[in-house]
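Worth knowing before you read on, the calculation uses all heavy atoms, side chains too, and leaves out hydrogens, waters and symmetry mates. Each chain gets a letter, A, B and so on, in the order the sequences are listed, and its residues count up from 1.
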2 protein chains.
Amino acid sequence: MNVKTASVLPLGGLETGPRERGRDEEIYRSLYTAIVEHHLAPGARLPEDALAESFGISRTGIRKVLQRLAHERLIELAPNRGATVAQPSVQEAREVFAARRIVECAALTEIGREPPPVAALDELKRIVAAETDAQARGDKREAIHLSGLFHLRVLALADNRPLSDFLGQLVSRTSLVIAMYGTPLAAGCNRCRHEQLIELLAAGDTAAAARWMDEHLREIEAGCAFAESEPQATDLKRIFAEIAKRPRSEV
Amino acid sequence: MNVKTASVLPLGGLETGPRERGRDEEIYRSLYTAIVEHHLAPGARLPEDALAESFGISRTGIRKVLQRLAHERLIELAPNRGATVAQPSVQEAREVFAARRIVECAALTEIGREPPPVAALDELKRIVAAETDAQARGDKREAIHLSGLFHLRVLALADNRPLSDFLGQLVSRTSLVIAMYGTPLAAGCNRCRHEQLIELLAAGDTAAAARWMDEHLREIEAGCAFAESEPQATDLKRIFAEIAKRPRSEV
DNA sequence: AGGCTTGAGTTTGTATACAAAAGCCTTTAG
DNA sequence: CTAAAGGCTTTTGTATACAAACTCAAGCCT
């Protein structure tokens with residue numbers, strides 16, 4: 001989609017800007033990934049200077065990205081205090097799950113009674129397969145990512161952009177909630193489950209699909225141990241260097 | 001809520017910054033109001049220079065506000081082209097209505113079976129009364145504003161912050177849709193309708209309330225004539241001067 | 001005569017500089 | 001030895017300057 005030039009340059013790049021457009025989109029992507037994949041723990045401070053240096057641009061560019069993340073509630077922006085990775089409270093966590101139940105279930109009952117196109121179902125099957133594979137390899141991060149992607153692609157069946165964007169936010173925040181309150185075993189039981197939903201969708205039984213989704217989300221929520229967590233120090237440069245060199249699973 | 005100092009200063013203020021916090025919140029509010037109350041037509045250009053001069057701050061502060069509005073999809077931010085008031089396409093308009101149906105109806109069925117607290121119902125009645133009054137005076141802008149507020153306060157019964165924020169965005173965008181496609185008579189039939197919903201809520205009949213809401217939103221959508229509209233030139237300074245001196249209805 | 005190119009003027013993109021606020025550490029007095 | 005106060009450092013807030021990109025229009029070439 002974007003240019004994806006060879007911007008893995010020495011990171012201490014001499015020239016001020018490689019002039020490729022979508023540079024800040026790339027920076028946003030890096031920070032986003034770092035947060036939802038738990039490379040940055042909730043509560044971690046994000047000083048503008050450090051970020052600017054890490055990405056080789058000035059604070060001006062960083063602030064734009066930070067404000068976008070703040071609007072998506074992935075970070076918190078306190079006046080004169082700067083940015084920190086958001087730490088959703090227990091109440092916020094429950095509200096995120098409640099919102100997901102409402103949106104995802106309602107959208108599922110709204111989609112037409114006839115089964116979705118086979119191409120869409122095939123894509124869902126591919127995601128589940130990749131999810132199975134990731135779990136077999138013990139790659140927890142990829143598994144969480146693919147689980148979120150599955151929910152997103154299911155909602156895409158409703159063909160409603162505002163709703164899809166909103167669920168994207170909720171899925172991201174769910175990732176934060178799991179970072180704070182999630183138990184390791186909670187993410188494990190998704191595999192078989194997601195396959196069940198595909199079957200219900202293929203059969204065109206939207207009512208059953210909605211009921212299934214409600215139960216599924218309640219199980220995930222129940223798998224969280226809502227207790228407090230503590231912040232931890234992080235070194236930003238190492239984290240982003242690792243993210244940059246990782247292969248990217250298609251969005 | 002915020003300090004609300006006497007910041008109606010001569011507008012050509014000599015000192016660089018009055019130092020009151022919430023200054024850009026106030027600027028955001030002005031722009032937001034100008035857009036949703038149709039003082040700024042869809043497609044109107046919003047040059048940073050002109051806005052900066054109008055509000056007496058530099059472009060830096062304006063850009064922050066502009067990015068927030070862009071994220072809420074009230075304006076569109078084209079690279080190297082600047083900001084314009086969003087012009088939702090017909091498809092986007094329909095998606096906004098569809099999203100509202102899904103969210104508002106589902107939230108209504110989710111709220112507890114017992115009737116809401118009397119204080120909440122009283123507030124809704126007050127809003128409807130103000131709405132009736134505004135329509136009697138022929139104050140179309142206030143009527144639209146109060147109609148949106150009514151929907152927002154109804155959803156507040158679900159007590160879910162993410163959902164409320166999302167509906168806030170959808171209501172704003174509905175205002176834009178009406179600016180582009182709305183027929184003058186469409187907004188007129190809301191009065192009696194809103195009273196009906198209060199009765200259903202008071203009776204605790206959430207299923208009927210959800211059905212009512214679905215039909216209500218479909219009627220509003222049906223009241224729109226989905227055809228094209230043309231941009232128009234605007235003088236920013238006069239618009240914001242008028243908004244600043246207008247009395248503000250709460251929230 | 002029409003389309004393409006080139007130029008000025010305008011608007012946005014980005015960096016940097018400076019000022020204000022918050023945090024932290026030292027120092028001092030009780 | 002503790003606690004409060006003061007300055008010092010770090011970090012953010014804001015403006016401004018300069019560079020790049022786009023718009024629009026006039027002129028030139030085909």
If I take atom CG in residue B:Asp24 and atom C1' in nucleotide D:dG13, what distance separates them, rounded to the nearest angstrom? 10 Å
Could you measure the distance from the CZ atom of B:Arg100 to the CG atom of B:Leu155? Nearest 0.5 Å is fine. 10.0 Å
What is the separation between atom CD on B:Glu53 and atom C1' on D:dA15, rounded to the nearest whole Å? 16 Å
Residue pair A:Leu167 / A:His151: nearest heavy atoms and the distance that separates them: CD2-O, 3.8 Å
Can you tell me the distance, in whole Å, between the CD1 atom of B:Ile62 and the C1' atom of D:dT14? 12 Å
Could you tell me whether B:Glu95 and B:Arg173 make a salt bridge, using a distance below 4.0 angstrom between a side-chain N and a carboxylate O? no
Pairs: protein N or O with nucleotides 8-11 of chain C N or O, under 3.5 Å:
none

Should the side chain of B:Arg23 and the base of D:dG13 be counted as holding a donor-acceptor pair, with the cut-off at 3.5 Å? no
Could you give the CG-to-C1' distance, from B:Leu77 to C:dT12, as a whole number of Å? 10 Å
A:Arg23/A:Glu26 salt bridge by N-O under 4.0 Å criterion: yes
Value in whole Å for how far the P atom of D:dT14 lies from CZ of A:Arg63: 8 Å
Mutual orientation of the aromatic rings belonging to A:His71 and B:His71 [parallel < 30°, tilted 30-60°, perpendicular > 60°]: tilted
Please confirm whether A:Arg29 makes a cation-pi placement over A:Tyr32, using NZ or CZ under 6.0 Å from the six-membered ring centre and within 45° of the ring normal. yes
Which nucleotide in C:dT14, D:dT12, C:dA15 has an atom nearest any side-chain atom of A:Thr60: C:dA15
I need the CZ-C1' distance between B:Arg59 and C:dT14, as an integer number of Å. 10 Å
Under a 3.5 Å threshold, yes or no: a donor from one side chain and an acceptor from the other, between B:Tyr28 and B:Glu72? yes
Take A:Pro79 and A:Gly61, find for each the nucleotide of DNA chain C with the closest heavy atom, and name the residue whose nucleotide sits nearer the 5' end. A:Gly61
Between atom CD1 in B:Ile27 and atom C1' in D:dG13, what is the gap in whole Å? 13 Å
Please determine whether a side-chain nitrogen or oxygen atom of B:Lys64 lies at a distance below 4.0 Å from atom OP1 or OP2 of D:dT14. yes
